[in-house]
Amino acid sequence: MKTRITRAIAITCIALGIVLLFLGVFIHFAKGNDKKASSKKDGSQQTQEINKNEEPKDGIYPDFLWDHDWESSEPDLSCTENVSFHKDGEFAYYCSCGSPVGYYDIFWEYSYNEDDRTITVMGDADTQDETIKVLFYDDFSLVLQFPDDSVRTFKSEKASDISEEPALALSYIRDVPTAACIEKEENGILTLLPSNYDKDAKDAFEGMVFELPLAEDVHISSLYVTVDNGVENDEYTVITPDENTFVNEDGSYCYALLGFDSNGCISKIVLYGVTEIYG
């Protein structure tokens, strides 16, 4: 009898030991899984924070750059230049023949700083970044000042061809390729608005106000051409600037064509208008 009881106790102890062993293994793995889950959660949060810090590429590729095909609008270049910005940050500056402009084949990325209106172009790790300043832009024109202080103007696919202007006007406007509206002039600073600015749709032009200095020797003139049933007449006047130079009697803004010097100053202004008469 005693032997049977001893065996029963032994069997019970063995069974209890097996149960406790399995329970211990289960608790160990449960804790391990919780720890892994916690680590994964923490790791995911950390990754999100890193991505969040690296990410905001939002807003550094503005659509005014990548939403247009920009080609040089200067008339005296031997080869048309194209500056290209893409939505994904790619950059290229090349001639229509396929060759890069200057040394700009070493740069293939860009970013934009809205605060000071500058474009930073980047290459590989050994290439020093360069900064290009945006002097003016709208849907038709882009004016850039490069690190060598040269100012280059570009036109978009929406811009009209200068050859479409009246023949009498061409000799006056070939070297003033950028069109803009002049809001005012104050203390030698010209406030510019996009060439298609609409006072009744101000929200569409938010942030598109540009203040640029006038060169000390700025040349200002007015050119108004009338095309009466195919017959062209022009009225050209050199203007000595005063407080009323850029003020229209009807309250509208002056439409002007602009040229720039190497300092980024406006060196030439032609107040321009065309009237066409049919019948």
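Quantities reported herein were computed from a predicted structural model and do not represent experimental measurements.
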Of Trp70, Tyr112, Phe210, the residue whose pairing with Tyr137 passes ring pair (Phe, Tyr, Trp, His ring centres under 6.0 Å): Phe210
Classify the side-chain pair Thr120/Asp129 by whether it contains a donor and acceptor separated by less than 3.5 Å. no
Check: Tyr104/Glu81 side-chain N/O donor and acceptor closer than 3.5 Å: no
Would you call the rings of Tyr110 and Phe85 parallel, tilted or perpendicular if under 30° counts as parallel and over 60° as perpendicular? perpendicular
Rounded distance [0.5 Å steps], CD in Glu276 versus CG in Asn229: 10.5 Å
Could you tell me if Ser252 and Asp250 have a donor-acceptor pair between their side chains, going purely by distance under 3.5 Å? yes
Counting only heavy atoms not in Glu216, do more than 12 sit closer than 6.0 Å to its CD atom? no
Could you report the tightest heavy-atom contact between Glu157 and Asp69, atom names first, then the distance? OE1-N, 2.9 Å
Please check if Ile173 and Val227 belong to a single hydrophobic cluster, counting links between Ile, Leu, Val, Met, Phe, Trp and Tyr side chain heavy atoms closer than 4.5 Å. yes
Is the shortest side-chain heavy-atom distance between Leu271 and Ile269 below 4.5 Å? yes
Using modelled atom types and a 3.5 Å cut-off, is there a donor and acceptor pairing between side-chain atoms of Glu232 and backbone atoms of Ala167? yes
Supply the atom-to-atom distance Phe260 CZ to Thr178 OG1, rounded to the nearest 0.5 angstrom. 5.0 Å
If you count every heavy atom of other residues, nucleotides or ligands that lies below 6.0 Å from Glu164 atom CD, does the total exceed 12? yes
Do Asp139 and Asp67 have side-chain heavy atoms sitting under 4.5 Å apart? no
Between Pro177 and Lys155, is there a side-chain heavy-atom distance shorter than 4.5 Å? no
Common cluster, Ile182/Leu223, ILVMFWY with side-chain heavy-atom separation under 4.5 Å: no
Tell me if the centroids of the rings in Tyr253 and Phe246 come within less than 6.0 Å of each other. no
Of all heavy-atom pairs linking Pro166 and Tyr272, the shortest is CD-OH, 3.6 Å
Other residues, nucleotides and ligands only: do more than 12 of their heavy atoms fall within 6.0 Å of NZ on Lys202? no
How close do Tyr61 and Ser111 get, counting heavy atoms only, and between which atoms? CE2-CA, 4.2 Å
When you group the ILVMFWY residues by side-chain heavy-atom contacts below 4.5 Å and let the links chain together, are Val101 and Phe107 in the same group? yes
In this structure, is the centre-to-centre distance between the rings of Tyr197 and Phe205 below 6.0 Å? yes
State whether the side chain of Asp63 and the backbone N or O of Trp66 hold a donor-acceptor pair below 3.5 Å, judged by distance alone. no
Got Phe64 and Met208 here, is their nearest side-chain heavy-atom distance under 4.5 Å? no
Is any side-chain heavy atom of Val83 closer than 4.5 Å to a side-chain heavy atom of Ile132? no
Applying a strict under-4.5 Å side-chain criterion to I, L, V, M, F, W and Y, I'd like to know whether Val151 and Ile119 cluster together. yes
Sub-3.5 Å donor-acceptor pair from the side chain of Asp88 to the main-chain atoms of Glu90, do we have one? yes
Do the side-chain N and O atoms of Thr226 and Asp228 include a donor-acceptor pair separated by under 3.5 angstrom? no
When rounded to the nearest 0.5 angstrom, what distance separates CD in Glu109 from CG in Asp124? 10.0 Å
Report yes if the side chains of Tyr172 and Ser221 come closer than 4.5 Å at any heavy-atom pair, otherwise no. no
Candidate pair Asp116 and Thr118, rule side chain to side chain donor-acceptor pair (under 3.5 Å), full reasoning: CA-CA 6 Å; Asp116 58 8; Thr118 56; 2.7 Å; yes
Taking Glu183 for its side chain and Thr191 for its backbone only, find out whether a donor-acceptor pair lies under 3.5 Å. no
Please answer: with hydrophobic residues joined when any side-chain heavy atoms are less than 4.5 Å apart, are Val209 and Ile266 in the same cluster? yes
Check: Ser262 main-chain N/O paired with Gln145 side-chain donor or acceptor under 3.5 Å: yes
Working to the nearest 0.5 Å, report the span between NZ of Lys268 and CG of Asp261. 13.5 Å
Checking the side chain of Ser156 only, and the main-chain atoms of Lys158 only, is there a donor and an acceptor separated by less than 3.5 Å? yes
Of all heavy-atom pairs linking Gly251 and Lys199, the shortest is O-NZ, 2.8 Å
Does Arg152 make a cation-pi contact with Tyr93, if we ask for NZ or CZ under 6.0 Å from the ring centre and within 45° of the axis? no
Spacing of Asp198 atom CG and Asp200 atom CG [to the nearest 0.5 Å]: 5.0 Å
Where is the tightest heavy-atom contact between Pro194 and Cys181, given as atom of each residue plus distance? O-SG, 3.5 Å
Test log, rule side-chain contact (heavy atoms from CB on, under 4.5 Å), inputs Asn82 and Ser84: CA-CA 6 Å; Asn82 301 269; Ser84 177; 5.9 Å; no
To the nearest 0.5 Å, tell me how far Leu144 CG sits from Leu65 CG. 8.0 Å
Ser195 versus Phe140, closest heavy-atom pair with distance: OG-CD1, 3.4 Å
Taking the side chain as C-beta and beyond, is there a heavy-atom pair between Cys254 and Asn248 under 4.5 Å? yes
Any side-chain donor paired with an acceptor under 3.5 Å for Thr153 and Ser73? yes
Give a yes or no on whether the backbone of Gly188 and the side-chain of Glu185 come within a donor-acceptor separation of less than 3.5 Å. yes
Does the side chain of Leu258 reach to within under 4.5 Å of the side chain of Phe136, using non-hydrogen atoms? no
Would you say Asn263's side chain and Cys265's backbone share a donor-acceptor pair under 3.5 angstrom? no
